[in-house]
J.: 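Below is one structure. I have some questions about it.
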Amino acid sequence: EKERKNTTRPLLLSFFLLLCFLLPPYYSVSVRSPVSIEEVEAAPDANGGGEEANRPRVEGDGEGVLQSNESSAKVDEPVATENSDAAPAEASVDAVNGKIPPTKLIPQHPLEGVTLTERTVRITGNKKQIEAAKDIIKQAMSQVLVEANGVTRTLVLNRPKQLNALSSAMITCFLRCFTAYEEDDGVKLLIVKGKGRAFCAGGDVAAVVRSINNDSWKYGAHFFRNEFLLNYIIATYSKPQVSLLTGIVMGGGAGVSIHGRFRVVTDSTVFAMPETALGLFPDIGASYFLSRLLGFYGEYVGLTGVRLDAAEMLACGLATHFVPSDRLSLLEESLKKVDTSDPFAICGIIDQYSQQPSLKEKSALNRLEIINKCFSKKTVEEIIASLEQEAPNVADEWIASAIQSMRKASPTSMKISLRSIREGRTQTVGECLRREYRMVCHVMRGDFSRDFFEGCRAILLDRDRNPKWMPPRLEEVHDEVVEKYFSKVDDPEWEDLDLPPRRSHGRRLVPKL
């Protein structure tokens, strides 16, 4: 028996060493708030006694998680809260009470293998995977600030120099926050706002274009897949969301706000969907909410990229309340004290601070009958012709501006945008987002036109504001080409956007707009 043991032990040791050599190294990284990161090999006894035993951990997978020490190297811009009384743990990148969002809601997620507890973000993977995930986490933690006040969570878009343009990291953080807070009974209200002079000027499409040029169209598809999933979750969210729309609200900024329950505008608010000038189309579920505005006002907003002020947003239905700038902070403080998810109670609080602004005399909404007459036409060419016919009889500047904007925009974008909004009239928000995902994937691939890349070059990168569209004229964009944008992508690795029905307490969640 002694000889057998003496023979077996060296063999087992040799087998173990060989296994360690062949398998890729796996590590566990913890991120706390204030954020410290220490990269260590997962130790089986890391859950031992001492001070570490009092700290939150991930349990149930057999791997210990070594918490980071306070003396470890700090991330440059950790998550911070504006409320100094809030506990540091409540400023973490995600679930305050350890609610982990289901991974299946986030397909092909860039943070695969990342789990979250009350004070810890844990990454499990090999060294290369960890470094990539750490970069995304650091970005998310500096670009989205989270403030906890009782049962209210405030998400602050924090890229003021970029007008809070949505990056991939910000979308990642929003996805995890929204999915975690929906399951958390300790969270009843979400507030979303932007830091600086903009709420959000849209998605960071310039970064998307650079990544596509350097890598492949699949990065762009992945960016929009996650963004559209976020839009869908917000549109069908079971808890009230109050978006404080100060300053610029464009494109992707509309996606994280307009789909929510309450959209509060103020004196400085400026809204637009300028995608056709970039060679894109109103996406983020815009074909759903634009098609539900007064008459054919949605076609007017989507095709011309016109800028709307707060009074116009309220009058057409994009906003639910107008609160003067000098009362906005008072509203926010009141909302942070609530202890309810009842939308009627939340609405009552906002009503106490809201006012009814007047439309400016030159607002196009005062000429809604002309907008309905012109923008109800079947084709873009007929819409422009109808506007040109009306122009001599109306002294308003908005008609000339609308014609000029439509003439300068990408002809391909104009045609697919009109059809998209028209189809949105009879579709659910999920159907709209699925269709828009097909469309945006064709755009990213440049299957039928490279106008998106040319528009980003001219407007965002070189900034010569002189895009060369191909084809250059509306009459050269044929119906069969437009039809192809609404078809599935012919690529074995491509998948349709999967948006499963969402339910809360057995009740199917439906959009609030």
Side-chain angles (χ1 to χ4, degrees), residues 165-168 170-171 174-175 200-209 212 217 219-235 249-260 271-293 298-299 301-305 318 409-410 412-425 427-449 451-453 455-456 459-460 482 484-489 494 496-499 511 513:
L166 287 176
S167 65
S168 180
M170 294 167 82
I171 293 169
F174 261 61
L175 271 172
C200 175
D204 195 349
V205 291
V208 171
V209 170
I212 292 172
W217 67 275
Y219 174 87
H222 176 72
F223 176 92
F224 285 103
R225 174 181 283 269
N226 278 349
E227 184 180 24
F228 290 5
L229 173 61
L230 175 62
N231 302 148
Y232 178 66
I233 289 173
I234 291 174
V249 185
M250 294 184 181
V256 297
S257 59
I258 302 300
H259 290 295
F271 174 92
M273 297 297 292
E275 287 81 2
T276 57
L278 284 174
L280 196 55
F281 61 92
D283 57 343
I284 49 87
S287 62
Y288 180 80
F289 63 73
L290 289 179
S291 63
R292 282 155 177 78
L293 301 185
E299 279 89 338
V301 172
L303 295 179
T304 66
L318 287 169
S410 159
T412 301
S413 292
M414 293 293 291
K415 290 207 168 183
I416 64 175
S417 296
L418 178 61
R419 173 165 170 179
S420 178
I421 296 170
R422 292 281 162 84
E423 289 198 3
R425 288 177 175 269
Q427 293 179 334
T428 65
V429 68
E431 289 170 338
C432 286
L433 286 165
R434 272 189 288 269
R435 171 177 43 72
E436 290 175 10
Y437 182 68
R438 291 185 182 184
M439 295 169 66
V440 83
C441 285
H442 284 300
V443 170
M444 295 298 106
R445 287 165 54 92
D447 285 336
F448 318 115
S449 171
D451 278 2
F452 173 61
F453 301 93
C456 287
I459 307 299
L460 301 177
V482 173
K484 291 178 180 178
Y485 278 92
F486 296 78
S487 64
K488 292 186 177 181
V489 173
W494 180 87
D496 251 331
L497 183 63
D498 181 25
L499 299 173
L513 191 67

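Atom set for the values below is all heavy atoms of this structure, side chains included, hydrogens, waters and symmetry mates excluded.
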J.: Tell me, please, whether F228 has R225 positioned over its six-membered ring: NZ or CZ under 6.0 Å from the ring centre and within 45 degrees of its axis?
T.: no
J.: Just how far is it from atom CG of L278 to atom CG of D451, taken to the nearest 0.5 Å?
T.: 11.0 Å
J.: So, taking the atom named CZ in R425 and the one named SG in C432, what distance separates them when rounded to the nearest 0.5 Å?
T.: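 So the CZ of R425 and the SG of C432 are separated by 11.5 Å.
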J.: Does S413 use its side chain to pair, donor to acceptor, with the backbone of L280 at less than 3.5 Å?
T.: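 Checked: pair present.
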J.: Do NZ/NE/NH1/NH2 and the carboxylate oxygens of R438 and D496 come within less than 4.0 Å?
T.: yes
J.: I'd like to check the side chain to side chain donor-acceptor pair (under 3.5 Å) partners of S287; sequence neighbours left out, ordered by chain and number.
T.: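 S287 satisfies side chain to side chain donor-acceptor pair (under 3.5 Å) with R435, E436 only.
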J.: State, to 0.1 Å, how close S449 and T412 come at their nearest heavy-atom pair, and which atoms those are.
T.: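 Shortest heavy-atom separation between S449 and T412 comes out as OG-OG1, 4.2 Å.
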J.: CG/L499 to CD1/I233 distance, rounded to the nearest 0.5 angstrom?
T.: 9.0 Å
J.: Applying side chain to side chain contact (heavy atoms under 4.5 Å, CB included), name anything that partners A277, two or more places apart in sequence or on another chain.
T.: none
J.: Can you see which heavy atom on M444 is nearest to which on F452, and at what distance?
T.: CE-CE2, 3.3 Å
J.: What are the two closest non-hydrogen atoms of A254 and V249, and how far apart are they?
T.: N-CG1, 4.0 Å
J.: If we only count heavy atoms from C-beta on, is the V443 to F281 side-chain gap below 4.5 Å?
T.: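 Of all side-chain heavy-atom pairs linking F281 with V443, at least one is under 4.5 Å.
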J.: Work out which heavy atom in G252 is nearest to a heavy atom in C200; give both atom names and the distance.
T.: C-SG, 4.4 Å
J.: Do you know the tightest heavy-atom contact between I421 and G302?
T.: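 Between these two residues, the closest heavy atoms are CD1-CA, 4.3 Å.
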J.: So, taking the atom named OG in S291 and the one named CD in E299, what distance separates them when rounded to the nearest 0.5 Å?
T.: 7.5 Å
J.: Only counting residues at least two apart or in another chain, list the ones meeting side chain to side chain donor-acceptor pair (under 3.5 Å) with R419.
T.: E423, E483
J.: Would you say D204's side chain and A165's backbone share a donor-acceptor pair under 3.5 angstrom?
T.: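 Such a contact is absent between D204 side chain and A165 backbone.
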J.: Using 0.5 Å steps for rounding, measure from the OH atom of Y288 to the OH atom of Y232.
T.: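 That separation rounds to 11.0 Å.
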J.: Tell me, please, which residues at least two apart from F453 pass ring pair (Phe, Tyr, Trp, His ring centres under 6.0 Å).
T.: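 F453: no ring pair (Phe, Tyr, Trp, His ring centres under 6.0 Å) contacts found.
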J.: Tell me, please, which residues at least two apart from F448 pass ring pair (Phe, Tyr, Trp, His ring centres under 6.0 Å).
T.: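 Testing F448 for ring pair (Phe, Tyr, Trp, His ring centres under 6.0 Å), a comparison that skips the adjacent residues, returns H442, Y485.
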J.: Can you name the closest pair of heavy atoms from T276 and L303 and give their distance?
T.: OG1-O, 3.4 Å
J.: Which residues pass the side chain to side chain contact (heavy atoms under 4.5 Å, CB included) test with A286, not counting sequence neighbours?
T.: M273, P282, I284, F289, L290
